[in-house]
Amino acid sequence: MSVSTMSSLETIRTGVADLSSTPFRLSRRELVLVVAFWTLMAALTFGNRLLDPRQLGFQLTNPSAPLALAFISSYLWALLTPAVFWLSARFLADHRHRVVGAFLLLAVGFAIAIALGMIGEELRDVLMPFPVRRGGRGGGGGPPGYAWLRPWFLNDFIIYLGVLAAGLARAYSLRYRHQREESLRVAAQLRAQLAEARLDALRMQLDPHFLFNTLHAISSLVERDPRGVRRMISRLSELLRHTIEGPSEQEISLQQELDLLRRYLEIMEVRFQGKLEITMDVQERAMNALVPNLILQPIVENAIKHGVSKIEGMGRITLRARIEGSQVVLSVENNAPFAEAGISNLDGTGVGLRNTCARLSHLYGDDQSFDLRARDGGLTVAEIRLPYHTRADLRTSAVTSIA
């Protein structure tokens, strides 16, 4: 497993751990919803008390008391709701002490219910001072201590359980959503690393392929042209230095790509001993376009191997580059007839062109095309179409995304 992959997996574990230990705070929108909910509950409670025939006489003497009592009780719960939600999030985050946490939540619930029950009774004594309410908590008659035995706080405890259930549901939902977002983010990172690794593997297949063919060409000229062999070795060393020490970017400017290609072409010119003619027709505007690193060398090599090396007389290769709308069009022509090259489709080519197609697909998806076909006049042409962009465009996009 690579270091980057292990790092990504560690990021997943760290992210999940952080999410588990984070008490999720209520947003402003959630706080507004909490206040709105308890306001609605106060209105419903007030309406229920208005319809209660047992309080008809009191409503006639002090009609504002039920309204005040309902809203004070509901807004006390509105103040307590964020704290209960926080407790539920902490309980969900603590995996090691779930039993202790459950008992703690129940104890807190009983304490809140008793406190709110006592506050409610005091408010009723103040707002509803009827003789029938004498006798302590819970009202009504009965033997001494009977009022304390009645579960007068049960309604508030049930309300607490409802708020606690809502808090647990919210905490579960937020935790799931955060973990899902973290997993998607890391999965996207892993996919990008996998694509990068595939591109690197394809590039590493291209370089040895080119090296073996070049060494074979050098070995065939050792005795016939020692000076030319020394020149070929010099150009080959420059190409290998670029491969080993050069930029690691998948894309370089077309001007850099052409500079590398010229070194390869100089090797081929020495090999063919004056029987290879190279022509370049490149628009000035296209020089700054970004193209895949070492994308042209395998195409030119294919044109030489399957084209000009199989014909009598002078072999001619023409390389063109131009901008058409939003695309860069690169083409390599050779004067060997398409049928003589023995290639009817890309399946008949070597590893160089197949890997070239794979690199283009990985880098640009459906925004690229590669075509190998015959052209009028007995020519064979390989054409690449890529999205046109420059380093300046990449910098502008990066600044825009940051902003």
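This chain uses plain numbering: 1 for the first residue, then up along the sequence.
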Do you know the tightest heavy-atom contact between [X] and [Y]?
X      : Y      : answer
Ala321 : Leu330 : CB-CD2, 3.6 Å
Phe370 : Ala382 : CZ-CB, 4.2 Å
Ile278 : Leu276 : CD1-CG, 3.8 Å
Ala113 : Phe157 : CB-N, 3.5 Å
Val34  : Ala78  : CG1-O, 4.0 Å
Ala171 : Ala89  : CB-CA, 4.0 Å

Pair [X] + [Y]: basic N to acidic O under 4.0 Å:
X      : Y      : answer
Arg180 : Glu182 : no
Glu383 : Arg385 : yes
Arg316 : Glu333 : no

Pairwise distance [atom1]([X]) to [atom2]([Y]) - rounded to 0.5 angstrom:
X      : Y      : atom1 : atom2 : result
Leu79  : Trp38  : CG    : CH2   : 11.0 Å
Glu257 : Leu294 : CD    : CG    : 5.5 Å
Arg235 : Glu269 : CZ    : CD    : 10.5 Å
Phe71  : Thr39  : CZ    : OG1   : 6.5 Å
Thr380 : Ile317 : OG1   : CD1   : 11.0 Å
Leu379 : Ser331 : CG    : OG    : 10.5 Å

**Audit row: Leu236, Met232, side chain to side chain contact (heavy atoms under 4.5 Å, CB included) steps and yes/no** = CA-CA 6 Å; Leu236 178 60; Met232 293 175 73; over 6 Å; no

Donor-acceptor pair, distance only, cut-off 3.5 Å: does the side chain of [X] make one with the backbone of [Y]?
X      : Y      : answer
Asn335 : Met314 : yes
His389 : Pro387 : yes
Ser183 : Gln179 : yes
Ser173 : Ala169 : no
Ser88  : Phe85  : yes
Ser73  : Ala70  : no
Arg359 : Asn293 : yes

**Item:** Tyr364 atom OH, over 12 foreign heavy atoms within 6.0 Å
**Value:** yes

**Message:** Looking at Glu324, I want to see if its CD is surrounded by more than 12 non-hydrogen atoms of other residues, nucleotides or ligands under 6.0 Å.
**Reply:** yes

**Complete:** When Val291, Asp367, Ile295 are each screened for side chain to side chain contact (heavy atoms under 4.5 Å, CB included) with Leu360, the one that passes is Ile295

**Complete:** The single option from Gln256, Arg263, Arg262 that satisfies side chain to side chain donor-acceptor pair (under 3.5 Å) with Asp259 is Arg262

**Request:** Check the pair Leu254 / Leu296 against side chain to side chain contact (heavy atoms under 4.5 Å, CB included), numbers first and verdict last.
**Result:** CA-CA 10 Å; Leu254 180 59; Leu296 291 175; 4.3 Å; yes

**Prompt:** Run the side chain to side chain contact (heavy atoms under 4.5 Å, CB included) check on Leu116 and Leu80 step by step: do they pass?
**Reply:** CA-CA 10 Å; Leu116 289 182; Leu80 289 172; 3.7 Å; yes

**Any Trp77 side-chain heavy atom under 4.5 Å of Ile112 side chain** = yes

